[in-house]
Enquirer: 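One structure coming up, written as structure tokens, with questions to follow.
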There are 4 protein chains.
Amino acid sequence: MASVPERLIDAATRLFAAKGFDRVAVQEIVDLAGVTKGAMYHYFGSKDDLLHEIYGSLLRMQTERLVGIADGSAPVAERLRAAAVDVVVTSVDNFDQARVYFRSADQLAEDKRREVRAERRRYHERFRSLVEEGQEAGVFRADVPADLTVHYFFGTVHHLGQWYSADGPLSAEQVGGHFADLLLGSLRPA
Amino acid sequence: MASVPERLIDAATRLFAAKGFDRVAVQEIVDLAGVTKGAMYHYFGSKDDLLHEIYGSLLRMQTERLVGIADGSAPVAERLRAAAVDVVVTSVDNFDQARVYFRSADQLAEDKRREVRAERRRYHERFRSLVEEGQEAGVFRADVPADLTVHYFFGTVHHLGQWYSADGPLSAEQVGGHFADLLLGSLRPA
Amino acid sequence: MASVPERLIDAATRLFAAKGFDRVAVQEIVDLAGVTKGAMYHYFGSKDDLLHEIYGSLLRMQTERLVGIADGSAPVAERLRAAAVDVVVTSVDNFDQARVYFRSADQLAEDKRREVRAERRRYHERFRSLVEEGQEAGVFRADVPADLTVHYFFGTVHHLGQWYSADGPLSAEQVGGHFADLLLGSLRPA
Amino acid sequence: MASVPERLIDAATRLFAAKGFDRVAVQEIVDLAGVTKGAMYHYFGSKDDLLHEIYGSLLRMQTERLVGIADGSAPVAERLRAAAVDVVVTSVDNFDQARVYFRSADQLAEDKRREVRAERRRYHERFRSLVEEGQEAGVFRADVPADLTVHYFFGTVHHLGQWYSADGPLSAEQVGGHFADLLLGSLRPA
DNA sequence: AATGAATGAGAGTTCATTCAT
DNA sequence: CATGAATGAACTCTCATTCAT
């Protein structure tokens, strides 16, 4: 059986994903994890801590993978495509974690919020610089600001949590592929 | 001075947009509106009612406009572009309402949630049928499911609430234009 | 159509009987009566007033009838029997009013409560004096205090509201007859 | 000093008996018990729970005792008399509990109400079968339905709460004895 | 390492009553 | 006569967190 902190993180992830941070009572989390409140407060300083822990790890993992992909030597279009597919696939593979992030990122207390924002900005900027690289190389259209393009695509990814279901007809790879197609398509020079 | 229900809706819209439905106390709303709780419950059955009222009106308005645009006689690409610009512009023009909708749509109690979903689906489907029309006419690529394209674009629109600011460098029309460019670009046949 | 005060009394009677005084909102009463709150407060000083009005009239009526019966010239056993049947029958004939009285008599504010108690005592005492008359005449057993006998029988009557139903197998007259049989039976000298 | 749940039950019993369930605020209960609201909701799910707990225990106790008495081997008239005395005596010995039961039994929410009704029916039926046993044996009059006789007697018992006082001239045993005399007397064959 | 009783502040909601019109 | 908007106090219940054990 998993360790107590792991069980707590798992329980919290599932509940936050399903109902949203503010709608989940600490009591529900510890019940689902099969421990008591005292145990939770032994390992985590607060309910906020739990939230922070949850998407901190996803966010760090995705950032690492993005860097690995973006720093590669393939043509920029291929790297952008791979990055786009990857963020979709890892979000779906860790769907509960991702949904928590998509819906509850703003509910952290100030200090942790800053931390998350900084990480998120790193991700955004690395992604944007890929777009810019393509624009400078002349393979992507340059009449739409790269920043806007990144917002455009990330909105799409964040929205996954609202409609995607593992039981649906499309696998994560298929959705990622289609979304990458649309992104690359929209960047073709006119 | 505006009527009491209007003042309540305004206050609730501002607060829900800023902090999220669950983080706003009824007391804050009535304080900002300058009335008492009793007055609020005279006009609205619950805090939920207030929420429902807020984005119900935006959603209905956007649906109406979409239908007006989509039923026109212009070429399908032009109609889709106009619809895309319109949803961005009306979301920004009613930004607080839109942000409430983007972040709190799921927090309604069951019965009202169904109502909102039905309306949202209507919007989604009218938009999708525009994409399909273009696919059938051969002016849009058909290798990406229309449904997915619509999710793709709406994610983008929903995400506006997370980064757009009226103080930023881009007007609603500019953002709408760029987003429409990207959407139309991504739909060009390969 | 009945007058406004009458409609209010009727509505209140029905609702108080069904749910108990404290569980009925003034709003429900005026809705059922088809008037507004202002109208109610025009005719009645308070919700308490309505309650008082309701069983005041039943109580007065039953007291009058008791006096009429008890002051007759028939043998005391016949008069007691008639009185016993009468209180059952009039309670069932005005069942909602009676139920309000049975369950909500104690919920009045102090001054009206005193008034009701005084009337109730009058009833109790006239009934008791009938029992005593029979005891002195030697036709009723005297080893049980008359006072206790009256409590005994009135408990029975008050309890009607908890189980009697007009849809049941027994008419008011039948129940009254049986109860009178039991009362008279219990008073037979040993 | 008694445990917190016990103190809460005691406080609630006293207050419900004196003022009726709906007229007692949770705040009053916890103040009288010397604890906070949070503590109360730690032990009891709701105000209703408290009510249920209070007369649940009395009702179960009385049912057990009734069964013990009724299943004995004494002549049926003696067993009925003992049962009648017992319900009066135990009601007076636990007078606050009994008064809560007599006046507030109907104020429970649906599910608990059903439970209480079932227990009450068990009591009623065991008592009725005693009456029927005597009727079949020919020692009790059979021209009054046994069911009605039971309602008749229980009305009497329920009414105790409205007039009996420990400071009065009669002990619980005396009242029980007189009531039993009246009941047995009324059942003598004509 | 872990318990779970207890806190205390605040949540949303209800409601009898008042009063300007 | 009658309206219905508005009040304000009280209501039941929730919950993250603490702390003695």
Enquirer: Taking only residues two or more places apart in sequence or in another chain, which ones pass ring pair (Phe, Tyr, Trp, His ring centres under 6.0 Å) with C/Tyr123?
Expert: C/Phe154
Enquirer: I need the NE2-C1' distance between D/His42 and E/dT7, as an integer number of Å.
Expert: 11 Å
Enquirer: Test ring pair (Phe, Tyr, Trp, His ring centres under 6.0 Å) on D/His159 and D/Phe102; report intermediate values, then the result.
Expert: CA-CA 8 Å; D/His159 203 55; D/Phe102 298 154; 9.8 Å; no
Enquirer: Figure out the OH/P separation between D/Tyr43 and F/dT12, and round it to whole Å.
Expert: 21 Å
Enquirer: Can you check the B/Asp49 CG to E/dG12 P distance for me, whole Å?
Expert: 14 Å
Enquirer: Quick one: are B/Thr36 and B/Val30 in side-chain contact, heavy atoms under 4.5 Å?
Expert: no
Enquirer: Please collect all salt bridge (charged side-chain N to carboxylate O under 4.0 Å, His left out) contacts where either partner lies in residues 20-32 of chain D, sequence neighbours excluded, each pair once.
Expert: C/Asp22-D/Arg23, C/Arg23-D/Asp22, D/Lys19-D/Glu28
Enquirer: Starting at CG of B/Leu15 and ending at C1' of E/dA11, how long is that distance when rounded to a whole Å?
Expert: 16 Å
Enquirer: Quick one: what's the B/S/- string for nucleotides 13-21 of chain E, heavy-atom cutoff under 4.0 Å, read 5' to 3'?
Expert: BBBBBB---
Enquirer: Would you indicate which nucleotide in F/dT7, F/dT3, E/dA6 comes nearest to any side-chain atom of D/Val4?
Expert: E/dA6
Enquirer: Just verifying a value: how many Å separate C/Ser104 OG and C/Asp48 CG, rounded to the nearest 0.5 Å?
Expert: 10.5 Å
Enquirer: Taking ring-ring contact (aromatic ring centres under 6.0 Å, His included) as the cut-off, I'd like each qualifying pair that reaches into residues 12-38 of chain D, sequence neighbours left out, listed once.
Expert: D/Phe16-D/Phe21
Enquirer: Rounded to the Å, how far apart are B/Asp31 CG and E/dA11 P?
Expert: 10 Å
Enquirer: Stem list for DNA chain E, please, built from Watson-Crick and G-U wobble pairs under 3.5 Å and keeping only runs of at least 3.
Expert: E:2-21 with F:2-21
Enquirer: Table please: side-chain donor-acceptor pairs of residues 52-60 of chain B below 3.5 Å, with sequence neighbours left out.
Expert:
| unit_1 | atom_1 | unit_2 | atom_2 | d |
| --- | --- | --- | --- | --- |
| B/His52 | NE2 | B/Glu115 | OE2 | 3.3 |
| B/Tyr55 | OH | B/Ala105 | O | 3.4 |
| B/Ser57 | OG | B/Ile54 | O | 3.3 |
| B/Ser57 | OG | B/Gln97 | OE1 | 2.9 |

Enquirer: Report which part of the nucleic acid B/Phe44 touches: base, sugar-phosphate, or nothing (heavy-atom distance under 4.0 Å, all strands).
Expert: nothing
Enquirer: Check each of A/Arg99, A/Gln62, A/His158 against A/Ser91 using the side-chain hydrogen bond (donor to acceptor under 3.5 Å, both in side chains) test, and report the only one that passes.
Expert: A/Gln62
